Amino acid sequence: GCPMVDGWQCPLCPMVYKRRYHFDHHLTSSHHLQPEEVSSTWRVSLTEEEFSEKQHQAASNKFKRESKHEEGGSGMDTSECKSDKKWGPGAFSTKFSCKFCGEQFKRDSNL
């Protein structure tokens, strides 16, 4: 069958993590929870496919939330009339580096 992945599902947002360390870091930085507040009920066992799907959903959710406050219809390029300060350096780059290990990933890779 499909290989299983043990991971951690954030109870407060759609994020999923394979490593407890990254999960703890997410909870403290995004939700201001302490690692000792982590409940074992947040442990999940998923197939590799389900895990990727959840990560994909979380990523697109996050993007939707961040871009929701753009006014207007088509969502086409409105950057000329807006401040560029909202986007960090390399926000539109095709490579991203991992916050934890610094490894480079292509935009389309499953992080």
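Numbers here simply count residues along the sequence, with the first being 1. Here the structure is a predicted model, which means the values were calculated and not measured.
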Apply side-chain contact (heavy atoms from CB on, under 4.5 Å) to the pair V16 and V5, showing each step before the final yes or no.
-> CA-CA 11 Å; V16 287; V5 174; over 6 Å; no
Report the C-alpha separation of V38 and L27 in whole Å, then their side-chain angles, then the decisive distance to 0.1 Å, and conclude whether the side-chain contact (heavy atoms from CB on, under 4.5 Å) test is met.
-> CA-CA 9 Å; V38 169; L27 285 176; 3.3 Å; yes
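Nearest heavy-atom pair, C13 versus H31, reported as atom, atom and distance to 0.1 Å: SG-NE2, 3.6 Å.
The distance from atom NE2 of H32 to atom CG of L12, rounded to the nearest 0.5 Å, is 11.0 Å. The CE atom of M15 lies 10.0 Å from the CD atom of Q9; values are rounded to the nearest 0.5 Å.
At a threshold of 4.5 Å between non-hydrogen side-chain atoms, the residues W8 and V44 do not count as touching. Using a 4.5 Å cut-off on side-chain heavy atoms (C-beta onward), P14 and Q57 make no contact. Proximity of L46 to K54: side-chain heavy atoms (C-beta onward) are separated by under 4.5 Å at one or more points.
Residues forming a side chain to side chain donor-acceptor pair (under 3.5 Å) with T41 (at least two apart in sequence, or on another chain): S39. By the side chain to side chain contact (heavy atoms under 4.5 Å, CB included) test, S30 pairs with H26, sequence neighbours left out.
Aromatic ring pairs are classed by plane angle as parallel below 30°, tilted from 30° to 60° and perpendicular above 60°; the pair W42 and F23 is perpendicular.
Sequence neighbours left out, the pairs with a member in residues 1-30 that pass salt bridge (charged side-chain N to carboxylate O under 4.0 Å, His left out) are K18-E48, R20-D24.
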